[in-house]
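The structure appears right after this line, and notes come after that.
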Number of protein chains: 2
Amino acid sequence: MENQQVKQVVGQVISFWRDNNKNITDFFNKHADEVYAGAVAPGRNSGIYLLAHLVAVSDGLFTILGLGDKLYPELEKFIRESETNAGDQPEVADLKAKWNEINAKLEAEFAKQTTDWWLDRHMSVSEADFALEPNRNKLNVLLSRASHENYHRGQLVFLTRPTQG
Amino acid sequence: MENQQVKQVVGQVISFWRDNNKNITDFFNKHADEVYAGAVAPGRNSGIYLLAHLVAVSDGLFTILGLGDKLYPELEKFIRESETNAGDQPEVADLKAKWNEINAKLEAEFAKQTTDWWLDRHMSVSEADFALEPNRNKLNVLLSRASHENYHRGQLVFLTRPTQG
């Protein structure tokens with residue numbers, strides 16, 4: 001039987017990820033589409049580039065967690081390329097639909113997993129390296145991805161008119 | 001005996017907090033002092049206000065975790081007040097010394113604690129509310145504070161010349 005405290009803590013990290021997702025989802029609903037085309041600060045990325053980047057990174061969870069293929073591998077350019085090189089901006093509505101689809105599918109996959117699964121290695125670390133660094137498990141990937149959303153949310157808030165930092 | 005998996009996951013969250021602290025510490029060392037006086041984006045907070053805010057929030061961990069009094073309660077104004085109302089900017093070197101002192105003292109306190117302690121309620125939730133929402137434990141506070149550092153680090157990177165988002 002799974003230890004209840006482990007279940008509790010693993011569940012907290014999943015909740016943390018879910019809450020951060022919700023904060024980004026709220027951001028998709030916050031502005032008129034043209035606002036997202038603007039840069040978050042002078043010479044920086046546009047809102048839509050950052051949202052596309054977040055969608056692509058969440059899509060990457062399928063592969064790094066061993067849950068299957070990415071749904072939208074064509075979005076990888078928003079991870080690998082700068083905004084200048086990534087080309088055309090996608091539509092906000094399209095990105096939002098993909099964001100919701102990816103997260104719903106991830107939730108469905110997560111619902112099937114055990115705590116042992118979460119504490120096992122992720123797909124980008126070898127068994128040998130994992131034996132030396134047991135923190136490099138699937139749960140840590142989710143933790144770091146959730147916090148990565150918060151990093152970019154700190155930038156996305158600058159799309160609004162300056163009334164707070 | 002403590003379950004090893006619980007110890008593992010609690011340890012991962014503490015490591016996550018430590019890694020985020022280190023990222024902010026690196027930021028304290030990154031620029032000449034005058035750079036921090038600038039706003040991270042037009043009409044937004046200065047770098048030094050954000051650093052003072054992060055020091056004050058970390059200092060608040062002592063009280064919310066039930067580990068004693070804040071070391072620098074005079075910094076609370078960088079949580080409660082906007083930059084305009086907070087008054088004079090502190091010195092970067094002074095903030096950095098406080099940041100290091102607070103984190104070292106928190107590390108020493110954390111080293112004494114059990115996993116049961118981490119999964120017990122924090123000081124801002126009542127026993128009745130905690131019974132209904134067991135996620136509102138000390139570990140969740142640390143998780144959320146670590147991610148809060150990442151939120152503002154996403155803004156602090158804008159102090160540098162625009163070469164990336």
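Note that the structure is a prediction, hence the values are computed from the model and not measured.
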Problem set entry | Heavy atoms of other groups near B:E91 CD, more than 12 under 6.0 Å | no
For this session: Would you indicate whether A:D26, at its atom CG, is surrounded by more than 12 heavy atoms from other residues, nucleotides or ligands within a distance under 6.0 Å?
Result: yes
Problem set entry | Proximal component of B:S82, with respect to chain A [non-hydrogen, under 4.5 Å] | neither
For this session: Measure B:H53 against the heavy atoms of chain A and call it side chain, backbone, both or neither at under 4.5 Å.
Result: neither
For this session: Please lay out, stage by stage, how A:R44 and B:V157 fare under the test side chain to side chain contact (heavy atoms under 4.5 Å, CB included).
Result: CA-CA 11 Å; A:R44 306 295 179 172; B:V157 295; 5.9 Å; no
Seminar exercise, completed: Ordered numerically, the heavy-atom neighbours of chain A under 4.5 Å found in residues 120-141 of chain B are B:P134, B:N135, B:N137, B:L139, B:N140
With the 4.5 Å side-chain cut-off for hydrophobic clustering, are [X] and [Y] part of the same group?
X	Y	result
A:L75	A:V57	no
A:V92	A:V35	yes
B:L71	B:L65	yes

Exercise. Considering residues at least two apart in sequence or located in another chain, which fulfil the side-chain contact (heavy atoms from CB on, under 4.5 Å) criterion with A:N29?
Worked result: A:T25, A:K96
Exercise. When rounded to the nearest 0.5 angstrom, what is the spacing between CD in A:Q4 and CG in B:N3?
Worked result: 11.0 Å
For this session: Could you grab the distance from atom CD of A:Q155 to atom OH of B:Y151, nearest 0.5 Å is fine?
Result: 10.5 Å
Problem set entry | Closest-packed option against chain A by number of heavy-atom pairs under 4.5 Å, given B:V9, B:L143, B:L119 | B:L143
Exercise. Taking the inter-plane angle between the rings of A:F158 and B:F158 on a 0 to 90° scale, is it parallel (under 30°), tilted (30 to 60°) or perpendicular (over 60°)?
Worked result: tilted
